[in-house]
Amino acid sequence: MSMKIIHTIQELQTELAGFRKERKRIGFVPTMGALHAGHLSLVENSMKDNEVTVVSIFVNPTQFNDPDDLRKYPRTLEADCALLSTLGDVIVFAPEVKEMYPQPDIRTFDYSPLDTVMEGRFRPGHFNGVCQIVSKLFDAVMPDRAYFGEKDFQQLAIIREMVRRMEYPIDIVGCPIVREADGLAMSSRNTRLSAAEREIALKISETLFKSRTFAQSHTLDETLAFVVNTIGTVDGLRLEYFEIVNGNTLQPVSNWDEASFVVGCITVFCGEVRLIDNITYKPL
């Protein structure tokens, strides 16, 4: 089997039924396309762990609370498939919107307080849309394992909770952030940065790395202030939020001893482009 591109749920399920009959393990990597090395690392992890890997490419309209952001989101299916073909045997599931939403999805997912902080506060409805599409994709693929990047730290926590509550028999595998050589977290949105903005955006990861060293000899509040003030001095960057949270509950912590797993989550506008990143202060 070489790379195969499928556009309908029925064709996908027919294709996968044969593998399932042979008891082959199916890995799944959901993406919105505009693939980069970060996505490829997820696919490679899946190919290592499973006999079959499905990669979905679908820009999901229900998770965008800004129509302009949806319109500008990069769509590069041909280039994405060319990239995936270099990895070997992969099934690409690239449905149209009407295939995934033959009628409006009116389901609501409430995973408070996981989905009401940080991204949930600034992008109302975003995680509801994420849960709508990921549950639809899980139903279509029925994988043994699904792979998500830790750059979307909050999303990963919410997907884990959704799987737990909906009792999906799926192992959720979180994979480390993949960074450019200079430290910038890889993101499909990076393609929208001008050369000058790309240079400025480096200050985000640079500040996070410095804050980890800073944190070793300073309080949590001082570390919080260090990041906020440092980003605040960079022309071209606008901080939306920076929070230091319990990595399991996503709730803010007030001192380093309050939790055994502590993560700093940040969202910054570089020009018009919204970038997210995170850093672990106390690993799990």
Side-chain angles (χ1 to χ4, degrees), residues 27-50 53 55-56 60 63 111 113-115 117-120 122-123 126-127 130-131 133-134 137-138 143-164 168 170-190 201-202 204-212 215 223 227 240-253 259-268 274-284:
F28 177 45
V29 181
T31 82
M32 292 211 299
L35 301 185
H36 51 65
H39 295 110
L40 297 189
S41 73
L42 301 180
V43 179
E44 285 166 342
N45 280 329
S46 175
M47 293 176 80
K48 181 163 52 70
D49 297 343
N50 308 281
T53 290
V55 180
S56 65
N60 174 42
Q63 71 190 66
Y111 298 137
L114 290 177
D115 59 356
V117 295
M118 298 190 292
E119 292 294 286
F122 287 95
R123 299 181 71 187
H126 168 68
F127 287 122
V130 168
C131 290
I133 191 58
V134 172
L137 289 167
F138 282 173
D144 297 287
R145 299 185 183 96
Y147 296 76
F148 293 84
E150 289 174 355
K151 182 174 75 73
D152 295 295
F153 188 79
Q154 186 173 8
Q155 172 178 278
L156 178 57
I158 288 165
I159 297 293
R160 287 191 199 282
E161 182 65 9
M162 182 188 81
V163 164
R164 190 183 70 77
Y168 278 114
I170 300 170
D171 288 335
I172 301 300
V173 183
C175 301
I177 295 174
V178 177
R179 298 184 180 276
E180 304 284 358
D182 55 14
L184 184 69
M186 288 192 176
S187 168
S188 302
R189 294 173 189 272
N190 292 352
L202 274 182
I204 303 168
S205 55
E206 197 180 285
T207 301
L208 291 180
F209 294 142
K210 283 180 180 171
S211 78
R212 189 152 55 186
T223 305
V227 172
E240 187 166 76
Y241 67 80
F242 174 64
E243 293 196 20
I244 299 178
V245 302
N246 178 318
N248 293 312
T249 68
L250 305 185
Q251 300 310 293
V253 290
S260 56
F261 180 26
V262 179
V263 180
C265 298
I266 196 167
T267 293
V268 180
R274 189 176 187 273
L275 301 173
I276 66 172
D277 203 344
N278 63 74
I279 193 125
T280 301
Y281 293 109
K282 288 174 71 176
L284 190 60

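In terms of heavy atoms, Ile266 sits closest to Ile204 at CG2-CG2, 4.0 Å. Smallest separation of non-hydrogen atoms from Leu114 and Leu250: O-CD1, 3.6 Å. Between Gly174 and Leu156, the shortest heavy-atom distance links the atoms CA-CD2, 3.9 Å. Contact between Ser56 and Pro30 at its shortest, heavy atoms only, is OG-CA, 3.2 Å. Shown here for Ala201 and Leu184, the closest heavy-atom pair between the two residues is O-CD1, 3.7 Å. Closest heavy-atom contact between Thr223 and Ser211: CG2-O, 3.8 Å.
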- Query: So Glu119 and Arg274, salt bridge (Lys or Arg N to Asp or Glu O under 4.0 Å) or not? Walk me through it.
  - Reply: CA-CA 11 Å; Glu119 292 294 286; Arg274 189 176 187 273; 2.8 Å; yes

- Task: Go through Phe138 and Met162 one step at a time and tell me if the side chain to side chain contact (heavy atoms under 4.5 Å, CB included) criterion holds.
- Result: CA-CA 11 Å; Phe138 282 173; Met162 182 188 81; 4.0 Å; yes

- Message: Please evaluate residues Ile159 and Val130 with respect to the criterion side chain to side chain contact (heavy atoms under 4.5 Å, CB included), reporting the C-alpha separation (whole Å), side-chain torsions for both, the decisive distance (0.1 Å), and the verdict.
- Response: CA-CA 9 Å; Ile159 297 293; Val130 168; 3.9 Å; yes

- Could you walk me through whether Glu44 and Lys48 pass the salt bridge (Lys or Arg N to Asp or Glu O under 4.0 Å) check? CA-CA 6 Å; Glu44 285 166 342; Lys48 181 163 52 70; over 6 Å; no

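In this structure a side-chain-to-backbone donor-acceptor pair under 3.5 Å is present from Asn278 to Glu150. Side chain of Ser188 to backbone of Gly33: a donor-acceptor contact under 3.5 angstrom is found. The backbone N or O of Gly183 sits less than 3.5 Å from a side-chain atom of Ser205, completing a donor-acceptor pair. For Gln154 (side chain) and Phe127 (main-chain N/O), no donor-acceptor pair under 3.5 Å exists by modelled atom type. In this structure, Asn190 contributes its side chain and Ala185 its backbone to a donor-acceptor pair below 3.5 Å.
Considering CD1 of Ile158 and NE2 of His126, their distance stands at 7.5 Å, rounded to 0.5 Å. To the nearest 0.5 angstrom, Ser187 atom OG is 8.0 Å from Asp152 atom CG. With rounding to the nearest 0.5 Å, the separation of CG in Asp171 from CZ in Phe28 is 15.0 Å. Note that SG of Cys265 and CD1 of Ile279 are 11.0 Å apart. Values are rounded to the nearest 0.5 Å. Here the SG-NE2 distance, from Cys175 to His39, works out to 11.5 Å after rounding to the nearest 0.5 Å. Rounded to the nearest 0.5 angstrom, Gln155 CD and Ile276 CD1 are separated by 8.0 Å.
For the side-chain hydrogen bond (donor to acceptor under 3.5 Å, both in side chains) test, no residue two or more places apart in sequence or in another chain qualifies with Tyr111. Scanning for side-chain hydrogen bond (donor to acceptor under 3.5 Å, both in side chains) contacts around Arg179 gives Asp277, with sequence neighbours left out. Every side-chain hydrogen bond (donor to acceptor under 3.5 Å, both in side chains) that Asn60 has, sequence neighbours left out, goes to Thr62, Gln63, Tyr101. With sequence neighbours left out, Arg160 forms a salt bridge (charged side-chain N to carboxylate O under 4.0 Å, His left out) with no residue at all. In this view, Asp182 and Arg198 satisfy the salt bridge (charged side-chain N to carboxylate O under 4.0 Å, His left out) rule, not counting sequence neighbours.
Checking Val134, Val173, Thr31, Leu42 one by one against Phe148, the side chain to side chain contact (heavy atoms under 4.5 Å, CB included) holds for a single residue, Val134. Between Tyr147 and the choices Thr53, Asn45, Asp49, the side chain to side chain donor-acceptor pair (under 3.5 Å) rule is met once, by Asp49.
Judged as a side chain to side chain donor-acceptor pair (under 3.5 Å), the pairs with a partner in residues 242-251 (not counting sequence neighbours) are, in order, Arg121-Glu243.
Using a 4.5 Å cut-off on side-chain heavy atoms (C-beta onward), Phe153 and Ile177 make no contact.
Using bins of under 30°, 30° to 60° and over 60° for the plane-to-plane angle, the ring pair Phe122/Tyr241 lands in the parallel bin.
Lys282 NZ: more than 12 foreign heavy atoms inside a 6.0 Å radius.
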